[in-house]
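Quick notes on the structure that follows.
Since the structure is predicted, the reported quantities are computational estimates derived from the model, not experimental observations. Note: hydrogens, waters and symmetry copies are ignored here, and every other heavy atom, side chains too, is used.
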Amino acid sequence: MSTAPLRKPDDQAEATQEAVATGRAGHRGVLLAMCLSLVLVVASVSALNLALPDLAIDLSATNSSLTWIADGYTVALAAFVLPLGAIGDRVGRRTVLLAGTGVFGAAALAASFADSTTTLVVWRVVMGLGAAMIMPGTLSTITAAFPPDQRAKGVATWSGFAAAGAIIGMLAAGALLEWYSWRSIFVTSAAAALLAAVAALVLAPDTKDAHPSPPDVPGALCTALGIGTLVFAIIEGNDEGWTEHVVIGALVVTVLAFTTYAWLGLRNQHPLLDPALFGIRGFRAGAITVLVQFMAVFGFFFVGLQYLQLILGYSPLKAAAALVPVAVVVLPTSQATPHLVRRVGMKATMTAGLLLLSAGLFVISLLDVDSGYLPFLGGLVLAGFGIGLSGSVGTAAITGSLGRGQQGVASAMNDTTREVGSAVGIALMGSIYGSHYRSNLPDSLDQLPADAARDSAAAGLHVADQLGAQGAALADGVKAAFMDGLSASLIAVSIIVLAAAIGCLLRAPKTPPTSD
């Protein structure tokens with residue numbers, strides 16, 4: 001993943017690269033194989049969210065443990081996607097992708113036998129490592145296979161599946177949970193990994209960088225350390241308190257790790273990801289847009305699915321189906337975004353997408369225990385339009401800011417911002433929700449056998465069901481506290497998305513960058 005942004009191959013080299021990247025499968029075959037691998041990775045971020053209430057009861061998981069179960073996968077993916085992408089550029093992207101499906105599938109199968117939260121978190125981290133081997137090659141292969149005049153369409157399709165993949169994962173998980181336990185999700189993930197491996201082997205060529213750069217080991221260590229300690233600080237800060245020594249220490253390490261990375265990167269001739277790239281306005285705007293979009297989306301999935309199941313009483317499958325309107329809106333909006341950008345410009349499209357996303361989250365934050373599904377749906381549709389606009393144009397801005405020979409860098413940056421956003425979003429919203437939930441439980445619950453309610457809302461409602469008439473007060477208190485936590489987490493992230501929209505309005509380029 002060489003990061004020299006000014007190096008561009010000549011026309012003959014580009015033609016050769018396209019022929020190799022496309023291979024015998026053609027553009028559609030490459031797109032199918034890469035989107036299948038993409039959906040495998042993205043679906044595994046969201047699918048387990050439907051099982052959180054069951055995990056809280058079956059494994060006696062606290063809110064903090066549930067956050068780590070959901071986020072262990074994403075943190076590993078975010079931390080290692082850059083260095084493993086660089087390895088793929090050196091030894092072959094399909095080679096690394098196939099190895100990743102093996103690691104992912106084996107870890108998923110092992111996770112199905114987990115009997116404690118600690119064991120499950122460990123296997124989720126290993127799954128994230130496999131996903132980090134899979135993810136980088138998907139977008140870079142697509143951008144290499146498609147000629148410049150069709151690349152925006154390929155990127156838009158990839159972006160649409162990146163968003164819809166989360167819904168696909170939840171629908172599959174919801175169907176499984178109707179008849180089987182949460183363990184079936186991991187068994188199915190292992191089988192899906194095998195299918196993705198076969199598709200990649202048959203349809204995708206094994207591309208690599210013709211002139212690979214020396215490995216940037218210090219850069220890899222700094223990024224992994226910085227991402228890991230940042231998420232740890234967010235989760236533990238809201239759980240244990242921001243003045244705890246371990247939390248302060250983690251924040252200090254985060255700042256030092258990223259500062260060291262930037263300092264070394266500016267002095268390294270071949271950094272893992274050149275910090276100077278953030279000086280390109282389109283690249284910077286695209287990275288921020290993708291970051292905050294995925295922060296909002298996957299943080300919302302973490303708390304929103306619990307709202308549908310715990311407050312509205314939906315089954316796992318019905319809860320997943322309740323989010324399908326997002327996919328229905330996102331896919332066509334993503335496809336239409338390139339035409340909209342040509343008509344009104346990148347800045348206007350990007351800003352509008354982020355504003356719609358922020359508005360959708362804020363609408364959902366206004367719900368109460370008795371609101372029902374329709375107001376939730378209204379916010380969901382608004383957010384869906386925002387996701388379709390911001391995700392597609394943000395990814396296009398990143399890939400379009402660099403030349404054809406730098407699409408591995410563009411893909412790595414897009415993957416990194418997506419996964420860091422997802423990891424931080426789950427940690428941030430999960431932690432804000434958890435701390436507000438605990439602090440808003442009424443004191444009257446101390447008179448009831450309600451210790452489990454302090455661990456999680458799912459456990460509290462489970463206990464309430466077993467208490468008969470006395471359980472009504474416990475259930476009401478748990479639901480009210482849950483809604484307080486949900487509202488606080490959504491408002492916090494909607495403000496962050498709004499700030500990003502204002503930043504894009506002020507600083508993003510009006511017209512999209514174009515790679516040759």
Side-chain angles (χ1 to χ4, degrees), residues 45 52 55-56 59-80 116-122 124-125 128 220-263 291-292 294-296 298-300 302-303 306 416-417 419-441 451 453-457 459 481-482 484-497 499:
V45 179
L52 294 179
L55 289 169
L59 299 181
S60 301
T62 65
N63 282 323
S64 179
S65 296
L66 292 176
T67 304
W68 276 116
I69 290 171
D71 223 7
Y73 174 88
T74 316
V75 170
L77 176 52
F80 294 105
S116 69
T117 56
T118 301
T119 303
L120 187 55
V121 169
V122 169
R124 285 281 286 172
V125 169
L221 293 175
C222 286
T223 54
L225 182 63
I227 293 168
T229 53
L230 173 61
V231 173
F232 175 85
I234 293 172
I235 295 175
E236 296 302 318
N238 273 290
D239 193 46
E240 301 294 336
W242 291 97
T243 58
E244 290 293 318
H245 294 311
V246 67
V247 175
I248 295 174
L251 289 173
V252 170
V253 172
T254 299
V255 173
L256 289 175
F258 285 126
T259 301
T260 302
Y261 177 80
W263 185 80
L291 178 77
V292 298
F294 278 84
M295 177 190 298
F298 284 95
F300 167 74
F302 180 78
V303 295
Q306 294 185 72
T416 302
T417 52
E419 304 314 328
V420 170
S422 300
V424 171
I426 293 170
L428 182 63
M429 292 188 70
S431 298
I432 293 175
Y433 151 72
S435 62
H436 279 75
Y437 167 78
R438 287 191 304 274
S439 63
N440 283 284
L441 283 170
D451 287 343
R454 305 194 184 281
D455 291 335
S456 71
F482 176 91
D484 288 333
L486 175 72
S487 178
S489 63
L490 288 171
I491 289 174
V493 174
S494 69
I495 292 172
I496 293 173
V497 177

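Proximity of a side-chain donor or acceptor of R124 to a complementary backbone N or O of A70 within less than 3.5 Å is detected. For the pair N440 (side chain) and H436 (backbone), a donor-acceptor distance under 3.5 Å is present. No donor-acceptor pair under 3.5 Å is formed between the side chain of S431 and the backbone N or O of L428. In this structure, the side chain of T259 does not engage the main chain of L256 through any donor-acceptor pair within 3.5 Å. For the pair T254 (side chain) and L230 (backbone), a donor-acceptor distance under 3.5 Å is present.
Of all the heavy atoms in I432 and S435, the pair that sits closest is O-OG, 3.1 Å. Residues A224 and F80 share a closest heavy-atom pair of CB-CE2, 4.4 Å. A pairwise comparison of heavy atoms in A423 and T74 identifies N-CG2, 3.3 Å as the closest pair. Shown here for Y433 and S489, the closest heavy-atom pair between the two residues is N-CB, 4.1 Å. Smallest separation of non-hydrogen atoms from G228 and V75: CA-CG1, 4.1 Å.
Once rounded to the nearest 0.5 Å, the distance linking CG of L52 with CD1 of I69 reads 7.5 Å. The distance from the SG atom of C222 to the CD1 atom of I227 is 11.0 Å, given to the nearest 0.5 Å. Taking CD of E419 as the start and CZ of F294 as the end, the distance is 7.5 Å to the nearest 0.5 Å. Note that CD1 of I495 and CG of L490 are 11.0 Å apart. Values are rounded to the nearest 0.5 Å. Of the inter-residue distances, the one linking M295 atom CE with T417 atom OG1 reads 11.0 Å to the nearest 0.5 angstrom. Separating the CG atom in D71 from the CG atom in L66 is a distance of 12.0 Å, to the nearest 0.5 Å.
Ring geometry for F232 versus W68: interplanar angle of 30 to 60°, hence tilted.
Residues meeting the side chain to side chain contact (heavy atoms under 4.5 Å, CB included) test with A220, sequence neighbours left out: P83, L272.
Between V420 and L291, the closest side-chain pair of non-hydrogen atoms falls below 4.5 Å.
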